[in-house]
Number of protein chains: 2
Amino acid sequence: MRRMTARPANAHQARLLRLLRDGGPNSRAQLGDQVDLSRSKLAVEVDRLLETELVVADGLAASRGGRRSHNIRLNPHLRFLGVDIGATSVDVAVTNAELEILGHINQPMDVREGPVAVFEQVLAMAAKLRATGLAEGFDGAGIGVPGPVRFPEGVPVAPPIMPGWDGFPVREALSQELGCPVMVDNDVNLMALGEQHAGVARTVADFLCVKIGTGIGCGIVVGGEVYRGTTGSAGDIGHIQAVPDGRPCACGNRGCLEAHFSGAALARDATEAAEQQLSPELAARLEANGTLSAVDVAAAAAAGDATALDLIREGGNRTGQVIAGLVSFFNPGLVVIGGGVTGLGHTLLAAIRTQVYRGSLPLATGNLPIVLGELGPTAGVIGAARLISDHLFSPA
Amino acid sequence: MRRMTARPANAHQARLLRLLRDGGPNSRAQLGDQVDLSRSKLAVEVDRLLETELVVADGLAASRGGRRSHNIRLNPHLRFLGVDIGATSVDVAVTNAELEILGHINQPMDVREGPVAVFEQVLAMAAKLRATGLAEGFDGAGIGVPGPVRFPEGVPVAPPIMPGWDGFPVREALSQELGCPVMVDNDVNLMALGEQHAGVARTVADFLCVKIGTGIGCGIVVGGEVYRGTTGSAGDIGHIQAVPDGRPCACGNRGCLEAHFSGAALARDATEAAEQQLSPELAARLEANGTLSAVDVAAAAAAGDATALDLIREGGNRTGQVIAGLVSFFNPGLVVIGGGVTGLGHTLLAAIRTQVYRGSLPLATGNLPIVLGELGPTAGVIGAARLISDHLFSPA
DNA sequence: CCTACTTTTTCCACTCTCAGGACAAAGAGG
DNA sequence: CCTCTTTGTCCTGAGAGTGGAAAAAGTAGG
């Protein structure tokens, strides 16, 4: 199928496309209520969008008491690809223009195998999704990588956990392979975008999105826009010192948050506890699987294992202390906790909340919700689709 | 004299006014080079500004090889009032429309005396400046207070060190008294605005401005705009925990940065050291004055007093550790250190730099200048004038 | 002093955008 | 069948804005 190559010609058209993306099909009249344009002007712009086939007419809208109106919707053949590369697995999803997930695959993988091997796998996964008939091609793709990105160019810079990716032209390469526009960002920023678009952060302008997975990162949203910092490393909170003279960290310092609590640190602590026979529950799981991960700790905690609960609580306390500092500094309207360890659930959340509410001033915490992300593993891919759609649905 | 009540009628005019504010007198042609408007359109807008007397013609511009052009400048009779209320003193200054300081007074004062007493003093100071003939009235005033502010309304909210100010309608009251528009903000934000307008941060979009005075606060600038947070308390870093189980703080917690290093903490530490005869230099100064302040510590350090140097270094280390965390999180392009304790100078700066460069990742610190503010005590008042001028020089 | 060339300003005709009124089309409700 | 409401279309006029031409006011060199 011929792909859509058209782009909105002006800010009005971009505005309309975003309204249709976020609000689904709308009649011309409903659109008019939202955009502050004259009916004539609106009709002209909608007609132009129809001409470029970015939007299509689609049946009759519900009556509002008078003449019924035809619905306008984004072209149902538009397809976005959302890719979320984690440290140990990849998520690939296909969405329509309204960013609804039509198909989603998750596969284990190791980023350290380098960009070439990873891309091969990602492209295979995309092909697989395409083969199911969900898409005949992609109109745009968003991709998240677990490390800092020079955003305008779409190139990872000095990513600690992704050796071999430094300077690799991710955007360029993927755009070449897929034959469509591509945007690249940090995976944490995409999670924030995802939760903003379809999750718990829909109505908040300024919020933090803390992702605790293999490492720890934080998406920062200021005035509804992701803030990336001067060199693209904003939100890199994994190496903030959480424990003075604490454990040595891969970065060369001691006491980094990430060294004390993260998917990797938790797995190591759990294994240690199991080997020292401190926890029968964990020991049994180690016996059974050969290794332990955050999932095992979560299961053990759910079974009431005291050691597992302690590990989670202590980690939550550490994380909460760091977040308390960030809350004082940033004064967000919401804090979202997400990532692989959300399986630890309420125990973790309670520990974090306790520390934040205790460690920050009342004015900052007074009306501050601290909640788990609502989208789980789909936050990243939805955010990726949102990223590219924001790019495509903006004036050329 | 009749005050200017006109406001720019559209975004073009606002743009021109800001160019004239920041770049001084310019010819029409020079303005044309900067604004991307046709000559005709530009002429129309300039004429309208001349009509409203917001700008005036002012002599001939330097020749660029052909016909000489008349300069356009902001009305030289425009006057802004900048007020910077600190915990223990007030600064009041008068500026012209280009935000150059024409007169500046500083007086000791205690905010805890409450808004009524403080305003009386501020108005007296403003009257004194006016009496010198610098101004016949004010076209706008900016005012900074040492605590969080609900910015849109210009009302302090729950300010810890300003009992009696909570909810006091500062903006409304001052506007009434002065008969001109007023904007209110946190003093730290104004310092950041000042350094951005006329100081070290002129070319940086994202930076932090750490003010160490009686307390510690931090101005946050994102994309050239001050970020104030959800409730106006962003940048309140004085109560971030710097020392686990450290000293008790007025806020009820232990180990807050402010409890370990700030003008107040430093004075107390110095007094203690003097009383315990650890430092002859400080003891002599205590003997002479009855009390010690950050200035005494600075003088003792300059004289080579080891105890004073240690106090500064330790404080700098604490502060540096906190800033290191903020740098990891925020990834600024510049960190400015300002406030009363800048007299501690290079010793303090060196300690802070050491901690930040050690404690943050290379990607964030690689090209990160950490410098002292360049404007000293005028940063606040310049920022205040900038705040109100930004407000007035925007489309109505 | 005069001439050739620049730069700057002013004037003007023309295009384009856009708002809002008038009107037609289509349905709801009685 | 009639009236009212909502929706879509057409049209005209106001205003914004562009860019060319010419006038104004200078510089530089002979």
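Computed from a predicted model, the values in this text were never measured in an experiment. Reminder, nothing fancy here: chain letters follow the sequence lines and each chain counts from 1.
Under the rule for a ring-ring contact (aromatic ring centres under 6.0 Å, His included), A:Phe138 has no partner lying at least two apart in sequence or in another chain. In this view, A:Phe393 satisfies the ring-ring contact (aromatic ring centres under 6.0 Å, His included) rule with no residue, not counting sequence neighbours.
Across all strands shown, B:Ser69 has heavy atoms under 4.0 Å from sugar-phosphate atoms exclusively, and none from any base.
Enclosure of atom CG in A:Asp58 by more than 12 non-hydrogen atoms of other residues, nucleotides or ligands within 6.0 angstrom is indicated. Atom CG of B:Asp33 is surrounded by more than 12 heavy atoms from other residues, nucleotides or ligands within 6.0 Å.
B:Glu45 has its CD atom 14 Å from the C1' atom of D:dT18, to the nearest Å. Rounded to whole Å, atom P of D:dG15 lies 10 Å from atom CZ of B:Arg48. The CD1-P distance, from A:Ile72 to D:dT7, rounds to 13 Å in whole Å. Protein atom NZ of B:Lys41 is 12 Å distant from nucleotide atom P of D:dG15, rounded to whole Å.
In this structure, A:Tyr227 has its ring center closer than 6.0 angstrom to the ring center of B:Phe330.
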Set out, line by line, the N/O atom pairs under 3.5 Å between protein and nucleotides 22-24 of chain D.
residue : atom : partner : partner atom : Å
D:dA24  : N3   : B:Arg67 : NH1          : 2.9

Interface polar pairs with nucleotides 11-14 of chain D, N/O, under 3.5 angstrom:
none

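Side-chain contact between B:Ile72 and B:Pro25: absent, with no pair of heavy atoms (C-beta onward) separated by less than 4.5 Å.
Although no hydrogens or angles enter the test, the distance criterion places no donor-acceptor pair under 3.5 Å between the side chain of B:Asn75 and the main chain of B:Val56. Remark: side-chain polar atoms of A:Arg18 are not paired, donor with acceptor, to backbone N or O of A:Arg15 under 3.5 angstrom. Remark: the backbone N or O of B:Gly144 is not paired with any side-chain donor or acceptor of B:Asp185 at under 3.5 angstrom.
Here NE2 of B:His12 is found 5.0 Å from NZ of B:Lys41. Values are rounded to the nearest 0.5 Å. Here the CG atom belonging to B:Leu81 is positioned 6.0 Å from the CG atom belonging to B:Leu178, to the nearest 0.5 angstrom.
Contacts between residues 23-34 of chain B and DNA chain D, counted as heavy-atom distances below 4.0 Å, involve no residue at all.
A salt bridge links B:Asp390 with B:Arg386: the distance from a Lys NZ or Arg NE/NH1/NH2 to an Asp or Glu carboxylate oxygen falls below 4.0 Å.
A sub-4.0 Å separation between OP1 or OP2 of D:dT7 and a side-chain N or O of A:His70 is absent.
Nucleotides of DNA chain C lying under 4.0 Å from heavy atoms of chain A occupy a range whose first and last members, 5' to 3', are C:dC18 to C:dA28.
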query = A:Val184 and A:Val155: side chain to side chain contact (heavy atoms under 4.5 Å, CB included), yes or no, with the steps?
reply = CA-CA 7 Å; A:Val184 187; A:Val155 174; over 6 Å; no

